[in-house]
Amino acid sequence: MHRTTITQARELLHSKKLSSVQLTEAVFARIDAVEDKVNAFAHLMREKAMEQARAADERIAKGEEHPLLGVPIALKDLICTQGSRTTCASKILDQFVAPYNATVVNRLNAAGAVIVGKTNMDEFAMGSSNENSSHQPANNPWALDRVPGGSSGGSAAAVAAHECIAALGSDTGGSIRQPAGFCGVTGLKPTYGRVSRFGLVAFASSLDQIGPITKSVADAATLMNVIGGKDPQDSTSADVTLPDFTKALHQDVKGMKLGIPKEYFTSGIQPEVEKAVQEGIRTLKSLGMETVEVSLPHLDYAVATYYIIACAEASTNLSRYDGVKYGYRSSKSDNLVNMYENTREEGFGEEVKRRIILGTFVLSSGYYDAYYLKGQQVRTLIKQDFENALEKCDVLAAPVTPYPAFKQGEKLDDPLQMYLADIYTISANLAGIPAMSIPCGFVGEENLPVGLQLMGKHFDESNLIAVGHKFQQTTDFHTKQAPL
Amino acid sequence: MKYETVIGLEVHVQINTKTKIFCSCSTEFGMPPNANTCPICLGMPGVLPVLNKQFLESAMKACLATHCTIAPMNRFARKNYFYPDLPKGYQISQFEEPLGINGYININIDGTKKRIGLTRIHMEEDAGKLIHGENLGSPGKSYVDFNRTGVPLCEVVSEPDLRSAQEARAYLGELKSILQYAEVSDCNMEEGSLRCDANISLRPEGQKEFGTRTELKNLNSFKFVQKAIEYEVDRQTRILEQGDKVIQETRLYDSDKGETFSMRSKEEAHDYRYFPDPDLVPVVLEEAWVEEIKKTIPELPEQKRERFAKEYGLPEYDAGVLTSSRELADYFEKCTSLFAKPKIISNWIMGDLLRELNKSNQEIGECPLSPEALVNLLKLIDEGVISGNIAKSVFEEMYQTGKEASVIVEEKGLKQITDDKAIDEMVEGVLQANPSQVEEYKGGKEKVLGFLVGQVMKTSKGKANPGAVNKLLKEKISKM
C-alpha cells in the first residue's frame with residue numbers, strides 16, 4: 001500500500017477502496033519497519049498525521065475531490081510547521097518550534113495532505129551527503145553504507161524507501177536533484193520565484209527553491225499545482241500565471257528540441273554514468289525529440305561562483321541564530337560577546353561554520369569587489385549562457401552528478417571534493433531556471449541509480465514535466481524498488 | 001590660527017505609518033514591551049520581509065520635499081552587525097542605491113538665506129531597545145524590547161555644508177518643519193522619531209581639504225545638538241592649537257556633564273559588509289508614480305514664509321514665526337480670511353497667543369481659542385468698542401474661560417468710553433490735579449503729555465479712548 005504513487009493513492013482514496021487512515025497507518029508501519037536502517041526522518045508527526053488522515057477521510061466522504069486529499073507527505077526539516085519542531089538538522093535549532101506555517105505547508109493543508117514528519121538533511125541545507133546532520137545521517141535505501149545525497153537526502157531516501165508517498169525538499173545548488181539522482185527518484189527544482197519561500201529556513205535566499213521529490217514525474221506535476229504560485233508574503237515569488245502542470249502529462253514531445261550542453265560531458269564524469277545518461281538521451285530521441293549541441297561557455301566558473309554567492313548570503317542569513325531570542329544558547333558565557341561566540345561555536349556544525357566564515361570573508365570590505373561583486377557578474381554571464389542555449393532548444397539534457405551515491409565518510413574530510421558533487425546542478429540555481437532529475441539507469445555491482453537532468457526555460461516547468469513523463473512512460477527505471 | 005568648523009548631519013526620522021516597514025505590526029508608541037511584534041520583525045527562521053507601500057510613498061514625499069532626485073531603481077541592502085536589539089543580525093537599509101540623492105534645504109541665518117545640500121535620503125528599519133536590569137527586573141540582566149524593531153525610518157544625510165552649531169540647529173529646525181509640513185513625520189524627539197548624528201571637523205580658514213572628523217552619535221534634542229557641537233568644536237580647537245591631531249573616532253555626548261567622550265576608534269569601527277538584500281526585489285519607481293506623489297506635497301515652510309511676507313506685507317521675522325508650523329500658519333490664515341488686518345493679527349498671535357501657549361506648554365492644535373474668537377476680539381478693538389489695553393485682559397480671560405470676547409466685555413462693563421462729555425470731565429479733572437505737569441508741557445516738555453494721558457486712562461479704568469483723550473488734552477492745554 002505504501003508503495004503507491006500520488007496518482008495511484010488518489011484513485012484508491014476517491015474510489016473508497018482505501019481510507020486515508022489506512023494509507024497513513026501503512027506508511028507509519030513501513031516507517032517502523034525500515035526507519036532504523038534509513039534514518040530518513042528528523043522527527044515524525046504521528047498523532048497530527050492521524051488527525052489529518054481522519055479529517056481527510058471526512059472530506060472525501062463529503063465528496064470533496066483533491067489530488068492530495070489524504071495523501072501522506074514528508075517535509076524537509078527546514079520547512080516551518082506551526083506547533084511542531086523545525087530543526088534544520090542543527091543543534092542551534094534543535095528545539096525550535098515555529099509559531100507559523102510555511103506558505104507551502106498552508107497550501108498542502110488546504111489541499112488536505114497528511115504530513116507524516118520532517119525529513120533528515122544536511123545542517124541548514126549545507127551539504128551533499130546528509131552527513132552534516134545533527135541527527136544520525138540518513139542512508140541510501142539502495143545501499144545503506146552509501147549516502148542518500150544532500151541536502152534533501154532524507155526526503156529522497158524517505159520516498160525511495162516508501163516511508164511517504166511523496167516529499168518536499170529544497171534546492172539551493174542541487175539539493176533536490178542530486179539526492180533524487182542518488183536515490184532513484186524524481187526531483188524537481190522549480191524556477192526561482194515559482195514557489196514561495198516564506199517559512200523555508202533560508203540558506204541562500206537568491207538560490208533557494210522548494211520543490212517536490214516523488215516516485216514519478218506525474219506526481220511532481222500534481223504537487224507543483226498545489227505548492228506553486230505567487231505569495232504576497234514572499235516579494236521574490238513571481239507574479240506569473242500558474243499553469244495546470246498535469247496538462248503537460250498529455251503533451252507530445254515529438255519534434256521538441258533537446259539541447260545537449262557539451263561542457264557537461266567533458267571531464268570528471270564516470271564512464272558508466274555518462275553511458276546511462278547518453279542512453280537516456282537516446283530514449284528521448286527515439287520519442288521523436290531532435291537533439292542539438294549547445295554550449296555554456298562559463299560553466300567552469302559555476303562552482304566557484306556558487307560558493308561565493310551562496311556563502312555570502314548564508315553568512316548573514318544565519319546571523320539571527322545568536323542565542324538571544326530562540327534556539328540554543330550556550331550556558332557557559334559571562335558576557336554578551338562570549339555568549340554569541342560560544343552559542344555559535346557549539347550550536348553550528350563544521351560545514352556551516354566553514355561557509356559562514358567564507359561568506360563573511362567575501363563580503364568584507366576590501367574583498368567585496370574581488371569576490372562577491374565578481375561572483376554576481378559571472379552569475380549574470382552564466383544566466384545569459386543558459387538563455388542563449390535555451391533559445392536553440394526547448395529542454396537541456398545533462399547528467400545530475402558525475403558519479404552515483406558515494407560511501408559514507410568517503411568525502412567528509414575533503415570539502416572541495418564534496419562541493420564537486422554538485423558540479424552539474426549548481427548552474428541551474430545560478431541561472432534561476434527549472435531543472436529536474438529523473439532515474440535513467442543503474443550502474444555498478446551494487447546497482448546504484450543514476451539520474452538524468454532536464455533543464456528548461458524560466459517558468460517552463462511544463463516542458464520538463466512533458467519530457468520527463470514521456471520518458472517514464474517508455475522506461476521503468478522509476479518503478480524499480482530499492483532492496484530494503 | 002583661525003579654524004573653520006565643518007559639520008554634516010545624519011538625521012534619522014521615523015516616517016508616519018500605521019504599520020512597520022516589512023510586516024503588519026503596529027508602530028504605536030508607548031505599548032508594553034514586545035506587544036508590537038510578530039515572527040517577521042522578530043527575525044524568526046524562514047520569514048520574509050515585504051515592503052510597506054505607504055512607507056515608500058511617504059519616503060518619496062520626504063525626498064521630493066527636500067528637492068532630492070528620486071532614484072528610478074531602488075534596492076535594499078543588509079547592514080550586518082551583531083547586537084541583541086537587532087534580531088536578524090542585520091539591519092535592512094539602503095547602501096549604494098538610496099531613494100533620494102542631491103537634494104537641499106534652505107536655512108535662514110541672521111536674515112541671510114543659506115543652501116544646505118543633502119547627499120542622500122535612504123529608507124531603513126529601526127532596531128529594538130535594550131532595557132538594563134537596573135531599571136527593570138533583576139540587576140545584571142538585560143531585556144530586549146522589539147517594539148521599535150522594523151519601525152520605518154528615513155536617514156537624511158547632509159553635505160558638510162554647515163559651519164556652526166547655530167547653523168546645525170537651524171538646519172535641523174528647517175528639516176523638521178519641512179517633514180512636518182509634508183506630513184511624513186511628526187519629528188517627535190522625545191519619542192525618538194527624530195535622532196541626530198553629527199560629523200564635525202575643523203580646518204584652517206582658507207584650506208580646502210577637510211580636517212579629521214569625529215562623529216557624535218545619538219544627539220536626542222535640539223539643545224543637545226547645539227551644545228554637543230559647541231563642546232566638540234572647542235575640544236578640537238584646543239587639540240589643534242596645541243599642535244596635536246584630532247583622532248578619527250565615534251563619540252557620545254554626556255548631557256549631564258556637558259561633554260563628549262570617546263565611544264570607539266576608527267580601528268574598532270564595524271565592517272558592516274553591506275550587500276543587496278536578496279529577500280527584497282528592487283523597487284522600480286516609474287516617473288508617473290513620482291509625479292503622483294509630487295502632487296500631494298503641500299506648500300512648504302520656505303514658500304509659505306515668502307508668500308506670507310509678500311501677500312500679507314509682513315516683516316520677514318513675523319513670516320518666519322507664523323510659518324514655524326503648518327498649524328500655526330493655518331491659524332493665521334484663517335484669521336486673515338475673517339479680518340483683513342494681517343499685521344494686527346500677527347502681533348496678537350506672536351505676542352499674546354504664543355505666550356499663553358508656551359505658558360501652558362500647548363501646541364497651536366490644542367489652543368482653546370478659535371481663530372473666530374480671536375478675530376472677534378480684534379474686531380472689538382478695531383471698532384473702538386474696547387481699547388487695546390482692555391483687550392489684553394479680555395484675551396487672558398477668553399483663554400482661561402473660553403468665553404466670547406463680547407460676552408466678557410458686556411459682563412464686566414469694559415466698553416470704551418466714547419461719550420465726549422464723560423471724557424471731557426475726566427480730562428478737566430486731571431488738568432486741575434496736575435498743574436505743574438501742565439506747565440512743563442507748555443514749556444516744551446512734550447513727553448509729559450503721555451503722563452497726563454495715562455492719568456486720564458487710569459481714572460477711566462482704561463475704558464477711555466486713548467486717541468480721543470490725547471486730542472482733547474492738547475486742545476484744552478493750548479487754550480489754557
Side-chain angles (χ1 to χ4, degrees), chain A residues 78-80 86 88 92-93 96 98-103 124 193 196-202 204-208 231-238 309 312-313 315-327 336-337 339-340 344 359-368 372-373 376, chain B residues 21-24 34 37-53 56 75-92 95-96 127-128 130 132 140-146 149 269-283:
Chain A
L78 48 37
I79 297 171
C80 287
T86 300
C88 300
I92 216 157
L93 283 179
F96 176 71
Y100 45 88
N101 274 331
T103 297
F124 284 107
S196 166
R197 293 187 298 115
F198 185 86
L200 168 72
V201 179
S205 313
S206 74
L207 301 159
D208 295 343
D231 174 13
Q233 286 197 284
D234 175 1
S235 318
T236 65
S237 73
I309 292 169
E313 292 179 6
S315 72
T316 99
N317 278 335
L318 270 60
S319 292
R320 65 190 64 198
Y321 311 113
D322 58 3
V324 174
K325 308 158 295 280
Y326 48 76
L336 180 65
V337 174
M339 192 279 282
Y340 283 149
R344 290 165 68 81
T360 304
F361 173 74
V362 299
L363 289 176
S364 295
S365 100
Y367 300 97
Y368 182 90
Y372 183 77
L373 205 61
Q376 288 293 12
Chain B
I21 180 168
F22 297 122
C23 65
S24 54
N34 298 310
T37 58
C38 75
I40 295 170
C41 56
L42 290 176
M44 296 191 93
V47 300
L48 294 171
V50 176
L51 180 62
N52 181 335
K53 190 178 165 198
L56 176 63
R75 223 186 287 264
F76 284 93
R78 292 184 182 178
K79 178 181 180 178
N80 295 286
Y81 65 96
F82 283 95
Y83 204 62
D85 68 4
L86 190 69
K88 297 187 296 294
Y90 58 84
Q91 179 193 27
I92 304 179
F95 187 53
E96 282 175 332
L130 287 191
H132 300 291
K141 286 196 176 179
S142 292
Y143 301 82
V144 199
D145 178 3
F146 291 114
T149 308
H270 294 294
D271 176 359
Y272 289 119
R273 306 194 310 279
Y274 281 101
F275 81 108
D277 190 332
D279 283 335
L280 287 156
V281 286
V283 185

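Keep in mind that what you see is a predicted model, and the values were worked out from it rather than measured. Every chain is numbered from 1, with letters handed out A, B, ... down the list of sequences.
Looking at B:R273 and A:Y368, their side chains never come closer than 4.5 Å, going by heavy atoms from C-beta outward. When side chains are defined from C-beta on, A:S235 does not count as touching B:P49, because their heavy atoms never get closer than 4.5 Å. Using a 4.5 Å heavy-atom threshold, the side chains of A:Q233 and B:L48 count as separate. Here the side chains of A:D322 and B:K88 are not in contact, with every heavy-atom distance at 4.5 Å or above. When side chains are defined from C-beta on, A:Y321 counts as touching B:P45, because their heavy atoms get closer than 4.5 Å.
For B:D271 (side chain) and A:S364 (main-chain N/O), no donor-acceptor pair under 3.5 Å exists by modelled atom type.
Nearest heavy-atom pair, B:V144 versus A:V324, reported as atom, atom and distance to 0.1 Å: CG2-CG1, 4.4 Å. Among all heavy-atom pairs drawn from B:G89 and A:S319, the shortest one is CA-CB, 3.8 Å.
Residue B:Y272 does not touch chain A at all, counting heavy-atom pairs closer than 4.5 Å. Of the atoms belonging to B:I40, it is side-chain heavy atoms, and not backbone ones, that fall under 4.5 Å from chain A.
For B:F82, the ring pair (Phe, Tyr, Trp, His ring centres under 6.0 Å) criterion is met by A:Y340, not counting sequence neighbours. For B:F275, the ring pair (Phe, Tyr, Trp, His ring centres under 6.0 Å) partners at least two apart in sequence or on another chain are A:Y372.
We find the CG-CE distance between A:L93 and B:M44 to be 9.5 Å, quoted to the nearest 0.5 Å. Separation of atoms NZ (A:K325) and OG1 (B:T37) is listed at 12.5 Å; rounding is to 0.5 Å.
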